[in-house]
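Chain naming here is simple, since letters A, B, ... match the order of the sequence lines and numbering starts at 1 in each. On a predicted model such as this, the values are computed, not experimentally measured, just so you know.
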Protein chains: 2
Amino acid sequence: MENSGGPARTEALETDLAAGLERVIGLFRSLSQPSGLSMTAAATLATLERNGPSRLTLLAAREGVTQPAMTQLISRLAEAGLASREADSADGRVVQVRITDEGRATLMRRRAGRAAKLAAILAQLSPEHRAALAAALPALDALAAARREDEPVPA
Amino acid sequence: MENSGGPARTEALETDLAAGLERVIGLFRSLSQPSGLSMTAAATLATLERNGPSRLTLLAAREGVTQPAMTQLISRLAEAGLASREADSADGRVVQVRITDEGRATLMRRRAGRAAKLAAILAQLSPEHRAALAAALPALDALAAARREDEPVPA
DNA sequence: TATTGTTATACTCTATAACTATA
DNA sequence: TATAGTTATAGAGTATAACAATA
């Protein structure tokens, strides 16, 4: 019922979606501050939790930062006890990064605090809007999982 | 097929939405790099474009940064010709910030580039997912417009 | 005295370039 | 020679604290 134009308005979707996401990001950032984790740090931990241990270069590509930046980020996470480095038995150059139990716990705390604030905001929305957001969750996931063409799939 | 739990899982919306947004933000950030604008800079310009001239303190509160940070950001934007400072005739302490035509043009270029990349990604999604995203746009807007209770409406 | 904004200083995070170690 | 990762250095962006100007 929302989009009276139907399938013909496909061209505007990316523009409107980009604008909407940009505005949502501002809100989201203010929700995420108290955890002490940077946006990239949290996203990296979440990736490690979701996909299991991963090589450092892969993580850097996945999060859209450079290799040195990821090296430093993992060093910080390791020093904080949230992630750990492991040598790869097959290739001596490779470093496997793994999330620790404390990392998982931190992620959970962060999510709980953020969810509480988000819940208060969602409560201000209409049931229709909430339903639309719920219905869009799989699409948001697919969107996040999709890769750019110029940055080929890290597998 | 998406959510086997059905409508009973309303409580999880904030959790799932937060997780989905966090992942999308990572993607979004990698889409926004070539513009040369930081996330906060772009959001501030967008706010100025959307709501018209605004006081510096208001902008800082709105974007969730401190007053000194906003002072420096506006200085950078002014130096780049994207925004301008104006004295308030009614209150000598107040600085009104305004977006320039060049600022608007930069915003448009940024959006165009980002939309192009986003379009390539959206093309990889199923029509159902795209429809779900389109249907969620008003809700995303409402979400971004909603303010937190502990950070009262800047008006 | 309170409010608006700026300046001073320090810290986090990131990028590019140069380097080490393994393949 | 190529690849995985680290170290060195510089810069952007932010916060807290101290300050100047206006109300």
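- Judged by distance alone, the side chains of A/Glu63 and A/Thr40 never bring a donor and an acceptor atom under 3.5 Å apart.
- The distance between atom CG of A/Leu56 and atom P of D/dT3, rounded to the nearest whole Å, is 17 Å.
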Item to check | Worked verdict on B/Leu77 versus B/Thr100 for side-chain contact (heavy atoms from CB on, under 4.5 Å) | outcome: CA-CA 10 Å; B/Leu77 291 177; B/Thr100 65; over 6 Å; no
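- If you check D/dT16, D/dA15, D/dA4 against the side chain of A/Gln67, the one that comes closest is D/dA4.
- Across all strands, B/Thr66 comes closer than 4.0 Å to base atoms (heavy-atom distances).
- Take the nearest nucleotide of DNA chain C for A/Ala41 and for B/Arg55: the residue whose nucleotide is more 5' is B/Arg55.
- Per the geometry, CG belonging to B/Leu77 stands 14 Å off P belonging to D/dA12, to the nearest Å.
- Of the candidates D/dA15, C/dT7, C/dC13, the closest approach to any side-chain atom of B/Ala69 belongs to D/dA15.
- Nearest nucleotide to the B/Gln72 side chain, out of C/dT14, C/dT6, D/dT14: D/dT14.
- Dashed line: the shortest gap from a side-chain N or O of B/Thr57 to OP1 or OP2 of C/dG5 is under 4.0 Å.
- Between the CZ atom in A/Arg55 and the CZ atom in A/Arg93 there is a gap of 8.5 Å [rounded to 0.5 Å].
- Between the CD atom of B/Glu63 and the C1' atom of D/dT14 there is a distance of 14 Å, given to the nearest Å.
- For the atom pair CD1 (B/Ile99) and CG (B/Asn51), the distance works out to 11.5 Å, reported to the nearest 0.5 Å.
- Protein atom CG of A/Leu73 is 17 Å distant from nucleotide atom C1' of D/dT7, rounded to whole Å.
- Put simply, CD1 on A/Ile74 is 16 Å from C1' on C/dT12, counting in whole angstrom units.
- Between B/Leu59 atom CG and D/dT14 atom P there is a gap of 13 Å when expressed in whole angstrom units.
- Side chain of A/Thr15 to main chain of B/Ala115: no donor-acceptor pair is present (N/O by atom type, distance under 3.5 Å, no hydrogens or angles).
- For C/dT12, neither phosphate oxygen OP1 nor OP2 lies less than 4.0 angstrom from any side-chain nitrogen or oxygen of A/Arg76.
- When heavy atoms are screened at a 4.0 angstrom cut-off, A/Thr40 is found touching the sugar-phosphate backbone but no base atom.
- Remark: P of C/dT16 and CE of A/Met70 are 15 Å apart, rounded to the nearest angstrom.
- In the region residues 84-94 of chain B, proximity to DNA chain D at under 4.0 angstrom, judged on heavy atoms, holds for B/Asp91, B/Gly92, B/Arg93.
- A/Leu48 is listed as a side-chain neighbour of A/Ser54, based on a closest heavy-atom distance under 4.5 Å.
- Between A/Thr71 and D/dG5 there is no side-chain polar atom (N or O) within less than 4.0 angstrom of OP1 or OP2.
- To the nearest 0.5 Å, atoms CZ (A/Arg62) and OG1 (A/Thr47) are separated by 5.5 Å.
- Per the geometry, CE belonging to B/Met39 stands 19 Å off P belonging to D/dA12, to the nearest Å.
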